[in-house]
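Chain identifiers are assigned alphabetically (A, B, ...) following the order of the sequence lines, protein sequences preceding nucleic acid strands; residue numbering begins at 1 within each chain.
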Number of protein chains: 2
Amino acid sequence: MAAKRQTRAPVFAALGDETRLSLVAKLCGGRPYSISQLTQGSKLTRQAITKHLRVLESAGIVHSVRRGRESRFEFDPQPIEGIKQYLDSVSEQWDQALSRLKSFVEE
Amino acid sequence: MAAKRQTRAPVFAALGDETRLSLVAKLCGGRPYSISQLTQGSKLTRQAITKHLRVLESAGIVHSVRRGRESRFEFDPQPIEGIKQYLDSVSEQWDQALSRLKSFVEE
DNA sequence: CTAATATGCAACCCGGCGGTTGCTTAAGAT
DNA sequence: ATCTTAAGCAACCGCCGGGTTGCATATTAG
């Protein structure tokens with residue numbers, strides 16, 4: 001699974017939009033929502049919401065399941081876990097840099 | 001500086017680019033880098049790198065300090081800590097949904 | 001002083017993104 | 001069989017983002 005590297009930028013990009021963030025906020029509650037349901041309350045068109053959902057889907061953050069005439073979207077946690085790990089590694093590097101600096105000053 | 005709330009989408013967007021991710025990777029090591037230094041090794045132009053740095057700066061992830069004729073960029077950890085917290089809340093919601101589902105199935 | 005280095009500024013190009021409108025097709029409801 | 005609701009498809013639009021080139025300016029080196 002080493003070939004999966006360098007693929008977290010699209011995940012960040014997918015989350016880099018307020019509309020998409022609110023969609024994620026709704027969907028991560030566990031319950032699936034149809035496109036129409038997700039459009040309710042939003043000032044945007046159904047097609048606009050659909051496009052945003054496709055972006056999230058391409059990033060692997062959600063997936064759709066056709067159910068009758070509606071397609072229900074469900075949350076998928078793996079990509080977000082992935083970027084959480086990445087951010088942890090960034091923080092860790094930073095913390096190590098800080099402690100190196102501190103011990104340097106102290107000596 | 002309290003009126004900064006609900007502004008994590010720009011942070012995600014700033015990280016939604018491979019070039020910017022590698023800049024962050026370099027800068028989070030603690031050592032400041034000038035624009036020319038950051039351009040070294042990259043196939044991009046100095047101006048391209050500069051633009052990326054400005055994007056990161058607007059998101060609060062880095063800041064520049066003028067030093068003589070060069071401007072050195074340094075990492076700033078707060079915005080990334082912010083989105084880490086946000087992602088934690090998403091994961092938490094998801095986990096709670098899972099456990100609710102589990103206990104529902106079990107009864 | 002002069003040359004070289006580091007950056008800033010501005011214009012420009014192109015492609016993709018966010019969003020809309022219009023029409024079509026698929027499934028339920030009556 | 002018909003009406004209605006959910007969604008897909010496609011074209012179109014304005015705009016911003018990533019990238020380049022060209023030139024101007026400031027600071028350091030010789």
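Although no hydrogens or angles enter the test, the distance criterion places no donor-acceptor pair under 3.5 Å between the side chain of A:Thr45 and the main chain of A:Gln47. Formation of a donor-acceptor pair under 3.5 Å by the A:Arg100 side chain with backbone atoms of B:Gly30 is not found in this model. Distance alone, capped at 3.5 Å, is enough to place a donor-acceptor pair between the B:Ser99 side chain and the B:Asp95 backbone. Formation of a donor-acceptor pair under 3.5 Å by the A:Ser22 side chain with backbone atoms of A:Glu18 is found in this model. In this structure a side-chain-to-backbone donor-acceptor pair under 3.5 Å is present from B:Ser34 to B:Gln37. A donor-acceptor pair is defined here as one N or O able to donate and one able to accept, closer than 3.5 Å; no such pair exists between the side chain of A:Arg72 and the backbone of A:Val65.
Taking atom CG on B:Leu53 and atom P on D:dG17, their separation rounds to 16 Å, with Å as the unit. Put simply, CD on B:Glu18 is 12 Å from P on D:dG18, counting in whole angstrom units. To the nearest angstrom, C1' of C:dG16 lies 14 Å from NE2 of A:His52. Atom pair B:Ile49:CD1 and D:dT21:P shows a separation of 14 Å (rounding to whole Å applied). Taking atom CZ of residue B:Phe12 and atom P of nucleotide D:dG17, one finds them 18 Å apart after rounding to whole Å.
Near DNA chain C, meaning a heavy atom under 4.0 Å from it, residues 30-46 of chain A has A:Leu44, A:Thr45 in order of number.
At the heavy-atom level, B:Arg54 lies under 4.0 Å from the strands shown only through sugar-phosphate atoms. Counting any heavy atom pair closer than 4.0 Å across all strands shown, B:Arg72 reaches no nucleic acid atom.
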Nucleotide-resolved protein contact map, nucleotides 25-30 of chain C, B/S/- at heavy-atom distance under 4.0 Å:
--BS--

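Under 3.5 Å, the side chain of B:Gln47 and the base of D:dG22 form at least one donor-acceptor pair of N or O atoms. A donor-acceptor contact under 3.5 angstrom links the side-chain atoms of B:Lys51 to the base of D:dG19.
Side chains of A:Ser36 and A:Glu70: a donor-acceptor N/O pair is absent below 3.5 angstrom, by distance only. In this model, a donor atom of one side chain and an acceptor atom of the other lie less than 3.5 Å apart for A:His63 and A:Glu74.
Taking both residues in full, the closest heavy atoms of A:Leu27 and A:Phe75 are given as O-CB, 3.4 Å, listed atom of the first, atom of the second, then distance.
Taking the side chain of B:Ala48 as heavy atoms from C-beta on, and the options D:dG19, C:dG19, C:dA6, the nearest nucleotide is D:dG19.
Residue B:Thr50 is the one, among A:Gly16 and B:Thr50, whose nearest nucleotide of DNA chain C lies closer to the 5' end (criterion: closest heavy atom).
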